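Working notes, beginning with the structure itself.
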Amino acid sequence: MKYKPVIGLEIHAELNTKTKMFCDSLNDPDEKHPNINICPICLSHPGTLPVANEDAVKKVIMAGLALNCQIERDTFFERKNYFYPDLPKGYQISQYQKPLCYSGELKIKSPSTSSGFKAIRITRIHLEEDAGRLYHLPDKNYSLVDFNRAGVPLMELVTEPDLESGEEVRKFAEELQLILRYLGVSDADMEKGQMRVEVNISLMDVSGEKLEVSKDNSHLSPPTPHVSKLGTKVEVKNINSIKFAADAVDYEIRRQTELLEAGEKVKQETRGWDEKKGETYLMRSKEEAQDYRYFPEPDLPPLHFEDADIEDIKSQLPELPQQRRTRFTKRYGLSERYVEIFVVNKQLGDYYEHVASELDSAAKDYHLRKELEGALPDEPHISGKLHSIAANYIITEFPTLTSSLGQELDIEGLKISPEAFAELMVLIFHKELSSTGAKTVLKEMAETGLHPEQIMKEKDLSQVSDISELEASVDKVIVDNPKAVEDYKRGKEASLKFLIGMVMKGTRGRANPQLVEEILRKTLS
Ligand code: ADP
Ligand code: MG
């Protein structure tokens, strides 16, 4: 038997609106005191009426547009009825028949396809409200409930069963998370429960798909293509990281394969993820499935959008991760790995862009100066060189810098302004600082926030006293000036002065002249 994993996702994301979905209680995921951000509406006191949060609607449409969805022009909310202690109304206001967004897709990187991408179809994205939170206390025969989260706007995205592995699930969830963050619609932190991924997994028997037609009977009409039927799916919930979602998928693929190979059947059920054991466990079987008795919410008017409304939201979409990848690659000529770092760490990428634009003006100045001096710039692609030096320094030095200051790679907390950083890059480019010198200056910049020139002056780094660097300059001058070397060896002391002068010129006057003389004498003796 040959099985192909078939996986579909249901992903919830809390929207980061100021207030809740149907009332003006604060939507504050960081509120630690229970039952603070509540009101008669989200506690569903009798006689209260919900009012839809326009910002939440807009944020779901933004997500839909970013995911190439169609936007429903006429839609409405529905009641999903069920009883649970975290749901004070006894129903959740949700959308069922007419989700705000439908028929979209998200492309994930996939080495197995010729384009390098695989499109995962998005069935729908709808808007609903979150439930409260239950706290089950160990050793107590009661639980506590916190309604701060009750009524927080929640978008639910459902994919078609287009994914095939834990790895693809990881890529999809990571890219979606990045898109939601770029859009500024959700913080999408899985550990905080702001993004919740549920995976549906089944195995499809594809043994029949490999029908072979031998040469001999190729004149016969081709066999009718074998259409494999989807297998029984298992849903896994209670997953609080993207890695666990991928692990749960891989675990289920193994578990279901073993069942089928042992001649048993996969049962349709909901399972949970035990992160300690790295296993899924049974939560409930299909027999307990509920009928939610959906019906249109009578207390909320239907929603209607004109094309202009959608166009207006579309025009407000920011640059998305994939657009940024393309732009960074083209604009700065960076490697795929570097581009990815700047796309995933958006703030770091923004910082880099700021530095790069400073460097562009520095390069322009340099060209201009050279032109005025009547000399052609010796480096026609100075901007490009500067961009690449800057990317290298940011990516290799910033993590150690920020960790040496006891921080995460948190750009907001960094004392080095993009302007000061660009100045440092120019100094490095002109070799006015050795690489060790540059690292010292950079560390000092991170601690003090001073500009590099100030630090160089203070630390007396402006003068090149680095022996190996001076030796390299001396060697170059010796090779370039054979006549003066000959003369000096024949006893012409003035030629040594000339050679020292050449080293000074080569280091733009930064070399320590005493050291240069010492090295020259030693090398030529
Ligand atoms: P349900 O009615 O059980 O909620 P849906 O048809 O709404 O099922 O699908 C829920 C999710 O499960 C979707 O992401 C869908 O792509 C996925 N799914 C549906 N059928 C299968 C299957 N046979 N194997 C894996 N995933 C599936
Ligand atoms: Mg469903």
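Both counts, for ligands and for their atoms, begin at 1 and track the order of listing. If you're wondering where the values come from, they're calculated on a predicted model, not measured in any experiment.
- For ligand 1 and Thr159, the ligand atoms under 4.0 Å from any heavy atom of the residue are 13 (C), 14 (O), 15 (C), 16 (O).
- Ring to ring, Phe421 and Phe398 are close: their centroids are under 6.0 angstrom apart.
- Residue contacts with ligand 1: Leu9 is placed with a nitrogen or oxygen under 3.5 Å of a nitrogen or oxygen of the ligand (distance criterion only).
- Considering backbone and side-chain atoms together, Gln268 places no N or O closer than 3.5 Å to any N or O of ligand 1.
- Shown in contact with Gly231 at under 4.0 Å from a heavy atom are these atoms of ligand 1, numbered in order with element: 23 (N).
- Looking at ligand 1, you won't find any N or O of Leu230 less than 3.5 Å from one of its N or O atoms.
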Please report, to 0.1 Å, the donor-acceptor pairs under 3.5 Å made by any side chain of residues 41-52, with sequence neighbours excluded.
residue, atom, partner, partner atom, Å
Ser44, OG, Lys89, N, 3.2
Thr48, OG1, His45, O, 2.8

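- The pair Arg133-Asp146 does not meet the salt-bridge criterion, since no charged nitrogen lies less than 4.0 angstrom from a carboxylate oxygen.
- With Tyr182 as the aromatic partner, Lys346 meets the cation-pi criteria of under 6.0 angstrom to the ring centre and within 45 degrees of the ring axis.
- The proximity of Glu160 to ligand 1, defined as any non-hydrogen pair under 4.0 Å, is limited to the backbone.
- Of the residues listed (Arg196, Glu156, Gln194), the one engaging His12 in a side chain to side chain donor-acceptor pair (under 3.5 Å) is Glu156, and it is the only one.
- At a heavy-atom cutoff of 4.0 Å, ligand 1 is contacted by the side chain of Val158 but not by its backbone.
- Close contacts between ligand 1 and Ser202 involve ligand atoms 22 (C), 23 (N), 24 (N), 25 (C) [criterion: under 4.0 Å to a heavy atom].
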Listing, residues 292-301 side-chain donor-acceptor contacts under 3.5 Å, not counting sequence neighbours, or none:
residue, atom, partner, partner atom, Å
Glu297, OE1, Arg79, NE, 2.9
Glu297, OE2, Arg79, NE, 3.4
Glu297, OE2, Arg79, NH2, 3.0
Glu297, OE2, Asp299, N, 2.9
Asp299, OD2, Arg79, NH2, 3.4

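- Below 3.5 Å of separation, one finds no N or O of Glu10 facing any N or O of ligand 1.
- Contact atoms of ligand 1 toward Val6: 24 (N), 25 (C) (distance under 4.0 Å to a heavy atom of the residue).
- Ligand-side atoms of ligand 1 in range of Pro161: 16 (O), 26 (N), 27 (C), range being under 4.0 angstrom from any heavy atom.
- Aromatic ring pairs are classed by plane angle as parallel below 30°, tilted from 30° to 60° and perpendicular above 60°; the pair Trp273 and Phe244 is tilted.
- Checking side-chain atoms of Arg170 against main-chain N and O of Ser165 turns up no donor-acceptor pair under 3.5 Å.
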